[in-house]
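Note that these values count all heavy atoms, side chains included, but never hydrogens, waters or copies made by symmetry. Below, chains carry the letters A, B, ... as their sequence lines are ordered, and counting in each starts from 1.
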Amino acid sequence: MTSSPMGVGPLVEMRNISIHFGGIKAVDDVSIDLYPGEVVALLGHNGAGKSTLVKVLSGAYRANSGQILIDGRTVEIGSPRDAKALGIETIYQTLALAENIDAPGNLFLGRELTTPWGTLDDAAMEHAARQAILELNPNFTRIKEPVKNLSGGQRQSVAIARALHFKARILIMDEPTAALGPHETRQVADLITRLKAKGIGIFLISHDIHDVFSLADRISVMKNGKLVGTVRTQDVTQDDVLGMIILGKRPKIAA
Amino acid sequence: MMSLAQSPAAHKGGARDLKGALEVDLRLLAMIAAVAVIWVGFDLLTDGIFLTARNLWNLAVQTSVVGIMTTGMVLVIVTRHIDLSVGSVLGFVGMVMAVLQAQILPIGTGWNWSASLALGLGLGVVIGGAQGWWIAHRGVPSFIVTLGGLLIFRGLAWTITEGQTVAPLDETFQLMGGGLLGSIGAFWSWMVGAAGIVLVLVRTVMARRRRQRYGFAVRPIWAELLVAASIVGAIVGFVVVMNAYDRPRTDISQGIPIPVLILIGAVIIMSAVTKVTKFGRYVFAIGGNPEAAQLAGINTRLVIMAVFALMGLLAGIAGAVQTARLNAGANSTGELLELSVIAAAVIGGSSLAGGTGTISGAIVGAVFMQSLQSGMILLGLPTPMQNVVIGLVLILAVWIDTSYQRRRL
């Protein structure tokens, strides 16, 4: 699909975002945007600033300067809680699971369901978690075990189910297939296609350029904290994108 | 047996079937078995003195001070921290309460003891919260902050009275220590026991109903009954033993000592906090993965501060019990107690790496430690040798636990 159908504005705009840690500019005046039902891939070497940039959107970091707009309105994202309230869910590269807690506990972490007495409603959370996780991964059985006992794919299922259960409109996936085998990687790819169809906007951070070409509508490349450029996937070849990543050069057919 | 067939454990071998059906904590059972073994062992070695009502009653009183603080230390350790200051905070708060009672507040009024107790507990919360602030907001390691606290509050306990002991204390306040009159008698002990039994049964039924509402597998009825019956049996046994000890030279039953009642209250409340509150869930999440807890939107600094404030409150309560028991505020009260508290929590299964620990395990750990000490005293072992034994047992217990955990993974 094309990125900007007539009449639909961008879901997310990040304008002129900069962050520095001490003297080092991790992200330097970067602007990217995302439309409903679109997948925008963020590519670049390790340390190029991709993860830092999206962590501004997910509330883990605060930008030193720049603006974030959701549905065309300026928003303040001061914490992960703010981001979630705006419908922004993140699947972190590290998965961000508490290893000692079971899948339902992780799925609802920070957003627990409670009984009328204000105590944790573990049965209700287990019920909802079973549905959410089994929908993604029908083979998932060890629902009441601490997630440290689960395989990489199962843990991934928990992290993805957590992002989807709360009706995300904007999904950030940081290396979602890094820990997965080929079969599970294909499942994640299918999932991304399904979510696109529902109108969810996805920022996809990946190292796998083949994945990116099959899934992303547009590609933004970063190098040394700066945006090299954003191109439409259909307009470029893999070599063009590799050139952007390695040499930091925009291809001639810029979108 | 339909429900058994549906439970995931049903696919595995025989011993696991039983374990799966009962859903019991094998670790806790092993700990209780260890306590039973040393009890029987000491009883044989002391020609039947150890397992008398009198000795068990005393054991319960002696466990209460360490036990009360251990319920808080579990949370501190679960969040990957440590609190070395609890013995000093206990001593300082106890001293402040003694001075308030004997020198500042009017003596003989009904609110003398209650006001000094309230102020003391408030002080405990403030001290704990302040240490938590240095840890959570200023990033000073808890080992250092509370090592500082250990020195500061021990020093302040001395400074208030220039080392003088303050006595006597209010008579009502003394009851908290469980002295000669500090027990609730046979009738109220049975009432407490009955309340405990009702609580166990209601909880069992409610938990079962809640799981059935969603069609989840529940324990088979026989397993449910067996677990409930063993807890009820333990409660009845406890009350019988406490009532079997008469006040010296009378045939009036002592019943449950008030400090033990306070310990029971602390255990029930702290278990509930860890199991059914958001706060308890966050404590464990922070211990398992602090970054994940933060990314989930949890205010991790506030939770850490609250954990230390709670620890301060419990050290204050323990300070009240210990000071009441001594009927005096002395600047050395509670010296080295932090080590017993940490040892009890660790023997009871709290991992210093964070993320794991239970209140029930820690209490059994405290009983284990106290039994060991009490038994050695009965055997007439000199104090230095007692310390040697306890040190060795601590190392051994943690080694057994870690090897068991490693093999299970």
Identify which part of [X] has an atom lying under 4.5 Å from any heavy atom of chain B, answering side chain, backbone, both or neither.
| X | result |
| --- | --- |
| D121(A) | side chain |
| T114(A) | side chain |
| A124(A) | both |

Might you point out which heavy atoms bring [X] and [Y] nearest each other, and give the distance in Å?
| X | Y | answer |
| --- | --- | --- |
| A292(B) | A98(A) | CB-N, 4.2 Å |
| R210(B) | A123(A) | O-CB, 3.8 Å |
| E112(A) | Y282(B) | OE1-OH, 2.7 Å |
| P80(A) | Q294(B) | CG-O, 3.4 Å |

If you tally heavy-atom pairs under 4.5 Å against chain B, which of G110(A), A83(A), G59(A), G118(A) wins?
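That would be G110(A).
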
Between N100(A), V147(A), L95(A), the one whose heavy-atom pairs under 4.5 Å with chain B are most numerous
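Ranked by contacts with chain B, first place is N100(A).
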
Once you round to the nearest 0.5 Å, how far does [atom1] of [X] lie from [atom2] of [Y]?
| X | Y | atom1 | atom2 | answer |
| --- | --- | --- | --- | --- |
| S79(A) | N299(B) | OG | CG | 9.5 Å |
| L109(A) | F284(B) | CG | CZ | 13.5 Å |
| I298(B) | R111(A) | CD1 | CZ | 10.5 Å |

Just jot down the ring-ring contact (aromatic ring centres under 6.0 Å, His included) partners of F108(A), sequence neighbours excluded, or say none.
H165(A), F166(A)

Tell me, yes or no, whether the heavy-atom count around [X] atom [atom1], taken from other residues, nucleotides or ligands under 6.0 Å, exceeds 12.
| X | atom1 | result |
| --- | --- | --- |
| K25(A) | NZ | no |
| R203(B) | CZ | no |
| E135(A) | CD | no |

Does any non-hydrogen side-chain atom of Y214(B) lie less than 4.5 Å from one of R130(A)?
no

Using side-chain heavy atoms (C-beta onward) and a distance below 4.5 Å, is R281(B) in contact with D122(A)?
yes

Out of T277(B), T356(B), L295(B), I286(B), which one racks up the most heavy-atom pairs below 4.5 Å with chain A?
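The answer is L295(B).
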
R211(B) vs E126(A), test: side-chain contact (heavy atoms from CB on, under 4.5 Å). Steps then yes/no.
CA-CA 9 Å; R211(B) 289 188 64 79; E126(A) 185 182 338; 3.1 Å; yes

With a 3.5 Å distance limit and no angle check, can you tell me whether N289(B) reaches the backbone of E99(A) through a side-chain donor-acceptor pair?
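No; zero donor-acceptor contacts below 3.5 Å.
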
